[in-house]
Amino acid sequence: MKKILSGSILFLYCLMGSASAFEGIPYEEGVLLVGLTEELDNLPQDVFQIMNSYNGEIIEGAIIPGVFKLKFPKDANIDEVKKSLESLESIEYVEFNYRFKIEGSSSINLGTSAVDAVSPDDAGFFLQWGLRQVQLPKTWSEEQGSSSVKIAILDTGCDLNHPDLKARIDQENSYNILNPSKSAADDSSSGHGTHIAGIIGAASDNGIGVAGATWKPKIVIIKVADSNGDISMGDLATAIYRARNINGVKVINMSLGGPYFSQSVQTAVRKAHEKGIVLVAAAGNDRSSLKYIPAGYDEVIGVTATDRGDEPCYVFSPLLPTKGTNYNPSGKEYYSVAAPGVDIYSTLSGDSYGYMDGTSMAAAFVSGIAALLISKNPELTPDEVKGIIEDTADPIVNENSQKDIGRGRVNAFEAIYEAGEIVEPPIENDVNAVAWAGERNQKEVEVNVGQEVKFYGDDSTGPENVKLQYFWVFGDAKEPFSNLINPAHTYSKAGEYTVTLFAFTESDLDVDKVTVIVGGDNPSPDKTIISGKVKDKEGGLLGGAEVKIISGLSSLKSVISDKNGNYRFEITEFNSKLTLSAWKQGYKKEVKTVYVKAGESKSVDFNLAVNTGVEAVAWVGEKGSTEIEVATGETVRFYGDDSTGPVGYTYFWVFDDSENPFSFQANPTHVYNNSRTYRVKLIVLTERDLDITGVKVIVK
């Protein structure tokens, strides 16, 4: 399940072949990386002699002990210099400082999030499906991380003043490898580093934006890529070693890599690992089994990507069929675990939020989990952290035997349980829902039509330090729900109503009920009956089909057909025009419009065709309508949730408007500021199928 025009991932690329400047291999002109046989802080005399004979100079001293960056004039024969250095006994290796190019990166920017709060109360938490997939909300009840643990993020930098990140960033130790006199601000067009920082460490439970995988550890930003997406192996090695030497850094996240070997990078990785630091890197997005570094090194947790259906992301988008998660070749395990990597919602530069795809995002989840493990048990070694994450991963759905993406999709709670010997609290009585009506300690109340009723749920209880969520169902059609703790409600019709309170956490739920008796002289209107049968195209009866009235009433009504295909609606709220739909798993949805009179009985039958793939169904204004006329500046509501398909399909709306042109919500809204006719497209897709439909918006 992939979205179109998804944010491509920060990834380093280089050409394979012999190391020669004259063969067009991208590298930093005139620069060589020299590794000594001993970990010295200064160059040996024999190296100085060759360097001086070619008018070379040392750049920045030792980038790591025993590794130096040497620069030579443009007119120097760089191949000759390389061979001369390699002949010395004090030299272990000499390599070009290859430059990698970040793929042109773009993201779907949704602006500052203003969505109703869920749990935790970060406004966009409900969009963060990946957190729930890896069991992080459940994990937070046991471990939110320690402030003594730091996570270094090696990337394009970060929006250092983003309201969801500023308080989490270790500003003092953040660093710009490319230009130490400047800050580690993210100046890339994609905001890739900012996106990664949000997945790992966005401020959680602060009422805005998104929640990070960790709540308390600090994040250290190390900028290694410039605004054009260029990065060199020497800079990457330098960044790893710098992160290694920052007090408190226990995890290094590298949502980057490339299919090329570097002794300098491997040396830096080894030294960080030996110091007790967990290294995590992205496997790459080329649907390739090549060994990408640093993810493919034994000391690193290499991370592949899965989608909402827990399946491998071998294709990120049908429009970009060559882009998908890398995988292990037969008999090898370069990459050991997978994590969510599609439609990942996180922070972006400019105080905003948006979606990106790829193994970069997947690696960030694993880095956050690693930090939680170390917070839970500081005695864990990097190899133990890696082993726990691998051993507790959940099986991957529909794994391809020829394209192994690791031992499973990570499970944060199971990993924490393994690391800290968590004793799970008993499921029973974790949450106790308590509902009152009218006043506290009262289970029943009598009121008149139009009289406000106060409800109380704040006597409900739950586990210590876990926030309870509330969902009230009032039992009538007018504004039937509320997620307030103590809501009020007014009934417009006489009758007896059962009101239900659901109190819940991520792991438990309890229900309580109260009764409201509403008096009044309103006579009951005549009932309108709509009934019929649901059949397949061959006339076979379809039991278990869902029939809905999707427009014409103040709320959606739904029934399930019986074993003989029969369904029936009794309607007291009259409307002459009603739109109905019928659908069953494995069949295409059918929509019909019916005109009725109050008190009339009407028969409407459905004949459903077998559904072999996704089917896009789009409405505008209200369900059942494919065209609407509005004024400029008026909010237009679109509906796509009548679309059908296999589990894990994606919505992609194209609004035919240059301002905020896209949405990935099922039922989005949009505002048009210019007068003309807009042809709005809905694309519904999975990895294997796609369907497109459209509606018309006339703006005057």
Side-chain angles (χ1 to χ4, degrees), residues 1 3 7 110 113 115-145 151 153 164-165 168 194-217 219 251 253 255 280 282 303 305-310 313 337-348 353-373 375-376 389 392-394 408-417 465-467 469 504-508 648 664-665:
M1 182 276 305
K3 69 175 182 291
L110 301 186
S113 177
V115 186
D116 289 339
V118 192
S119 174
D121 67 4
D122 302 87
F125 174 68
F126 84 101
L127 297 172
Q128 296 180 270
W129 69 271
L131 295 176
R132 292 182 286 277
Q133 195 87 328
V134 301
Q135 299 291 312
L136 273 164
K138 185 177 179 182
T139 306
W140 293 331
S141 66
E142 296 290 343
E143 183 60 63
Q144 297 175 358
I151 307 158
I153 300 174
D164 230 2
L165 293 169
R168 296 293 307 279
T194 304
H195 199 268
I196 296 301
I199 296 170
I200 295 173
S204 302
D205 209 30
N206 64 344
I208 64 168
V210 295
T214 66
W215 288 29
K216 295 178 182 178
I219 54 177
V251 179
N253 182 86
S255 290
V280 181
V303 187
T306 52
D307 62 20
R308 291 175 187 262
D310 255 359
C313 294
V337 290
V342 179
D343 294 333
I344 304 304
Y345 187 63
S346 183
T347 48
L348 289 175
Y353 303 82
Y355 291 93
M356 281 189 176
D357 296 339
T359 56
S360 286
M361 289 68 234
F365 282 106
V366 176
S367 290
I369 293 170
L372 294 178
L373 291 176
S375 299
K376 186 70 178 177
I389 289 174
T392 58
D394 290 334
R409 190 261 303 134
V410 292
N411 184 318
F413 185 77
E414 291 297 328
I416 286 289
Y417 184 92
N465 299 322
V466 177
K467 185 175 181 180
Q469 299 297 304
F504 57 96
T505 64
E506 285 288 336
S507 58
D508 195 23
F664 298 99
Q665 298 179 11

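This chain uses plain numbering: 1 for the first residue, then up along the sequence.
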For Ser255, the option from Val303, Val280, Ile196 that meets side chain to side chain contact (heavy atoms under 4.5 Å, CB included): Ile196

Main chain of Asp307, side chain of Trp129: is a donor-acceptor contact present, judged purely on distance under 3.5 Å? no

So, taking the atom named OG1 in Thr214 and the one named CD1 in Ile199, what distance separates them when rounded to the nearest 0.5 Å? 12.0 Å

Ser204 side chain vs Ala211 backbone, donor-acceptor pair below 3.5 Å: no

Parallel under 30°, tilted from 30 to 60°, perpendicular over 60°: which one fits the rings of Phe664 and Tyr355? perpendicular

Taking C-beta and beyond as the side chain, do Ile416 and Gln135 meet within less than 4.5 Å on heavy atoms? no

What's the spacing between Trp215 CH2 and Gln144 CD if we round to 0.5 Å? 4.5 Å

Here the gap from Ile369 atom CD1 to Ile200 atom CD1, rounded to the nearest 0.5 Å, amounts to 11.0 Å

Which atom pair, heavy atoms only, marks the closest approach of Ala197 to Ile153? CA-CD1, 3.6 Å

Can you measure from OG (Ser360) to CG (Asn253) and round to the nearest 0.5 angstrom? 8.5 Å

Would you confirm whether Arg409, through its side chain, and Gln133, through its main-chain N or O, come within 3.5 Å as a donor-acceptor pair? yes

Evaluate the side chain to side chain contact (heavy atoms under 4.5 Å, CB included) criterion for residues Leu131 and Phe365: first the C-alpha distance (whole Å), next the side-chain angles of each, then the deciding distance (0.1 Å), finally the verdict. CA-CA 8 Å; Leu131 295 176; Phe365 282 106; 3.8 Å; yes

Donor-acceptor pair, Thr359 side chain versus Ala282 backbone, under 3.5 Å? no

Give a yes or no on whether the backbone of Met361 and the side-chain of His195 come within a donor-acceptor separation of less than 3.5 Å. no

If we ignore hydrogens and angles and just use 3.5 Å, is the side chain of Thr194 paired with the main-chain N or O of Thr347 as donor and acceptor? no

With a 4.5 Å limit on heavy-atom distance, are the side chains of Pro217 and Arg168 in contact? yes

Which atom names give the shortest non-hydrogen contact between Ala202 and Leu165, and what distance separates them? CA-CD2, 3.9 Å

Leu373 CG to Thr392 OG1 distance, which is reported to the nearest 0.5 Å: 7.5 Å

Please evaluate residues Arg132 and Phe125 with respect to the criterion side chain to side chain contact (heavy atoms under 4.5 Å, CB included), reporting the C-alpha separation (whole Å), side-chain torsions for both, the decisive distance (0.1 Å), and the verdict. CA-CA 10 Å; Arg132 292 182 286 277; Phe125 174 68; 3.6 Å; yes

Trp140 side chain to Gly145 main-chain N or O, any donor-acceptor pair under 3.5 Å? no

Using the rule given for side chain to side chain contact (heavy atoms under 4.5 Å, CB included), can you reason through Val134 versus Asn411, listing the C-alpha separation, both sets of side-chain angles and the distance that settles it, and then say yes or no? CA-CA 5 Å; Val134 301; Asn411 184 318; over 6 Å; no

Polar side-chain atom of Asp164 near backbone of Gly198 as donor-acceptor pair, under 3.5 Å: no

